[in-house]
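Reading through the structure tokens given below for one structure.
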Amino acid sequence: MKKQVLIAGGGIGGLAAALGAARAGCDVRLYERADIFSEVGAGVQLSPNVVRCLQAWGLQKPLQAVAAFPERLQVRCATSGQVLATLPLGTDMVQRYGAVYACVHRADLHTLLLAAVLQEDGVQLNRGQTISGYTEAADAVLVHTGQGKEVEGDALIGADGLRSYTRAQLLGDGPPRTSGHLAYRALVPQGALPAGLRTTQVTAWLGSHLHAVQYPVRGGEMQNLVVIIEGPPPDDLDNWDHAANAADLERALAGACSRLQDIVRSVPTSGSGWRLWPLSDRPPVSSAAQMARGLVALLGDAAHPMRPYLAQGAGMAIEDAAQLQRALSMHDLDVALRLRRYALNRWERNARVQARSQRNGRIFHATGPLRWGRDASLRLLGARVLDIPWLYQGDGSV
Ligand SMILES: Cc1cc2nc3c(=O)[nH]c(=O)nc-3n(C[C@H](O)[C@H](O)[C@H](O)COP(=O)(O)OP(=O)(O)OC[C@H]3O[C@@H](n4cnc5c(N)ncnc54)[C@H](O)[C@@H]3O)c2cc1C
């Protein structure tokens, strides 16, 4: 008989998990607390290890239609504007890792995953339903929603993000930690920018206590900008004054080169302007038992929230889902063993990516001798420092 997999959360991780579980021959019931399935306006970089997972699901064409495929990654000094190192992307990545390096609008990635999930038989998507807890028995898990529903399944996958309810019950390890870093994000139509500020590549600008990243999305039509600075989060994010805080951001970049300042000033304060994310994470996963116990498993940010300095949070959620598919396909094992197999295959890689993301933050924002050493090695070793074979080769699932 088909197993029934319950999924908490309909973000990128939850939808990828739904697709993986359905492709493994399971019935899927997904519960998303928001009334509509949607993603905020911001970009996501997808390295070849992640694009390969999407290709394995047959999503190459829809990705091709919405993504931008930058030619190179360039690292520059935020103060002088000097180029420190370049990594060719494009066909170089295809030759080395079997897939392109893509940049997408989050909403486009979400939409293409949702369309793929909707084509699967046996998938039911429920909106406006908040998972508020679960009860586990020997061979079933009963999920409770805040709206008074009770649903029984063979497994529960908690893909309910950074402040996961499922994780709170499964691990009880308290809230995530604040990083002291703030991400300002904006999306700008490239056509509205002066020609000199448009881009077809990924550029990372490294400064003291800050860095910025810009890249094209939506076939190059839009430019995604992220600036990360250090500081306390605002007390009331809901009533955050975007226009005033764009001025704060400009002040934080006072020592930056004129090109970076021009890019930041190019974001109109009208419309969605700059949006602010205080960044939080957790220490790296330390065992398989932190990702799955019994009939409950965690996936994506619920399992391994990370700082965005390796651009892999959504990528690891998608890799998790590909491994979940493999594990759920082991029909001769009971469900708890399949989830254990999933966790065993994923936890060390997720931990490594979390640790590397955290380390990158320290290196990107370095001052003094560390900064000098970083710049010298970038100049000397170039692409060899920027290429990350263990990451881009993937986890062996596809
Ligand atoms: C500045 C920044 C830049 C980034 N850049 C990149 C990048 O370039 N590449 C990359 O791969 N990653 C990037 N990331 C990380 C990436 O955005 C996240 O890792 C990814 O979105 C996590 O997806 P998720 O589905 O696990 O969680 P989420 O996106 O948080 O989704 C969780 C979903 O669960 C729902 N939910 C929550 N609680 C409940 C509940 N109790 N019941 C039901 N539903 C619930 C929420 O409404 C939400 O829809 C970046 C992050 C930041 C902050």
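Worth knowing before you read on, the calculation uses all heavy atoms, side chains too, and leaves out hydrogens, waters and symmetry mates. Just follow the structure's listing: the first ligand is 1, and inside any ligand the first atom is 1. Sequential numbering from 1 along the given sequence is applied to the chain's residues.
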Using side-chain heavy atoms (C-beta onward) and a distance below 4.5 Å, is T130 in contact with Y31?
no

Which residue supplies the protein heavy atom nearest to atom 35 (C) of ligand 1, what is that atom called, and how far is it?
E32 OE1, 3.2 Å

Proximal atoms of ligand 1 relative to Q129 (non-hydrogen, under 4.0 Å)
43 (C)

Minimum heavy-atom distance L328-A24, with the two atoms named
CB-CB, 3.7 Å

Atom indices of ligand 1, in the order listed, that fall short of 4.0 Å to a heavy atom of G315:
11 (O)

Atoms in ligand 1 with a heavy atom of Y31 nearer than 4.0 Å:
43 (C), 44 (N)

Considering non-hydrogen atoms of the protein only, which is the closest contact for atom 31 (O) of ligand 1, and what is the distance?
G11 CA, 3.7 Å

Students should be able to answer this: which protein heavy-atom is nearest to atom 36 (N) of ligand 1, and at what distance?
R33 NE, 3.7 Å

Quick one: nearest non-hydrogen protein atom to atom 39 (C) of ligand 1, plus distance?
D160 CB, 3.6 Å

Mind checking whether A314 has an N or O less than 3.5 Å away from an N or O of ligand 1?
yes

I263 versus W205: any side-chain heavy-atom pair under 4.5 Å?
yes

List ligand 1 atoms under 4.0 Å from A311, heavy atoms only on the residue side.
7 (C), 8 (O), 9 (N), 10 (C), 11 (O)

Are R185 and W274 in a cation-pi contact, defined as NZ or CZ under 6.0 Å from the six-membered ring centre and within 45° of the axis?
no

Protein heavy-atom partner closest to atom 6 (C) of ligand 1 - residue, atom, separation in Å
V44 CG1, 4.0 Å

Aromatic plane relationship, H181 with Y309 - under 30° parallel, 30 to 60° tilted, over 60° perpendicular
tilted

I'd like to know if L170 and I131 are part of one continuous hydrophobic network [Ile/Leu/Val/Met/Phe/Trp/Tyr, side-chain heavy atoms within less than 4.5 Å].
yes

Are Q190 and E221 linked by a side-chain donor-acceptor pair shorter than 3.5 Å?
no

When you check the side-chain N and O atoms of Q201 and E71, is any donor under 3.5 Å from an acceptor?
no

Note: E32 and F37 closest approach over all heavy atoms is CB-CE2, 3.5 Å

Atom indices of ligand 1 within 4.0 angstrom of Y165 heavy atoms, with elements:
41 (N)

Taking only non-hydrogen atoms of I12 and a 4.0 Å limit, the atoms of ligand 1 in range are 25 (O)

What part of R185 sits under 4.0 Å from ligand 1 if we count only heavy atoms: the side chain, the backbone, both or neither?
side chain

Is Q45 in polar range of ligand 1, meaning some N or O pair under 3.5 Å apart?
yes

Heavy atom under 4.0 Å from ligand 1: found in A183's side chain, backbone, both, or neither?
side chain

Considering the heavy atoms of T130, write down every atom of ligand 1 situated less than 4.0 Å from one of them.
40 (C), 41 (N), 42 (N)

Report the part of L279 (side chain from C-beta onward, or backbone N, CA, C, O) that has a heavy atom under 4.0 Å from ligand 1; answer both or neither where that applies.
side chain

Salt-bridge criterion met for D262 and R265 (N-O under 4.0 Å)
yes

Considering both backbone and side-chain atoms of G313, is one of its nitrogen or oxygen atoms within less than 3.5 Å of a nitrogen or oxygen in ligand 1?
yes

Return a yes/no value for I131: is any of its N or O atoms, backbone included, closer than 3.5 angstrom to an N or O of ligand 1?
yes

Of the protein's non-hydrogen atoms, which lies at the shortest distance from atom 27 (O) of ligand 1, and what is that distance?
G161 CA, 3.6 Å

Do any nitrogen or oxygen atoms of I228 come within less than 3.5 Å of a nitrogen or oxygen of ligand 1?
no

Which is closest to atom 51 (C) of ligand 1 by heavy-atom distance: C103, P308, A303, P278?
P308

SB check R282 D173 (cutoff 4.0 Å)
yes

Test item: V123 and R29 side chains (from C-beta on) under 4.5 Å apart, heavy atoms
no

Are side-chain N/O atoms of D395 and Q323 paired as donor and acceptor at under 3.5 Å?
yes

Going by atom types alone, do Q45 and Y101 pair a side-chain donor with an acceptor below 3.5 Å?
yes

What is the closest protein heavy atom to atom 34 (O) of ligand 1, and at what distance does it sit?
G9 CA, 3.3 Å

Give yes if a backbone or side-chain nitrogen or oxygen of G300 is under 3.5 Å from a nitrogen or oxygen of ligand 1, and no if not.
no

of all protein heavy atoms, closest to atom 18 (C) of ligand 1 is D301 OD2, 3.5 Å

Is it possible for you to say whether V398 and V100 belong to one hydrophobic cluster, with membership spreading through side-chain heavy-atom contacts below 4.5 Å?
no

Using the six-membered ring wherever Trp is involved, compare the ring planes of H211 and F364 and label them parallel, tilted or perpendicular (cut-offs 30° and 60°).
perpendicular

With no hydrogens and no angle check, do the side chains of T203 and Q74 hold a donor and an acceptor under 3.5 Å apart?
no

Under a 4.0 angstrom heavy-atom cut-off, which atoms of ligand 1 come close to R106?
16 (C), 17 (O), 21 (O), 29 (O)

Please determine if G13 has a nitrogen or oxygen closer than 3.5 Å to a nitrogen or oxygen of ligand 1.
yes

For ligand 1, does A34 get within less than 4.0 Å through its side chain, its backbone, both, or neither, judged by non-hydrogen atoms?
neither

Select one of side chain, backbone, both or neither to describe which atoms of A159 lie under 4.0 Å from any atom of ligand 1, heavy atoms only.
backbone

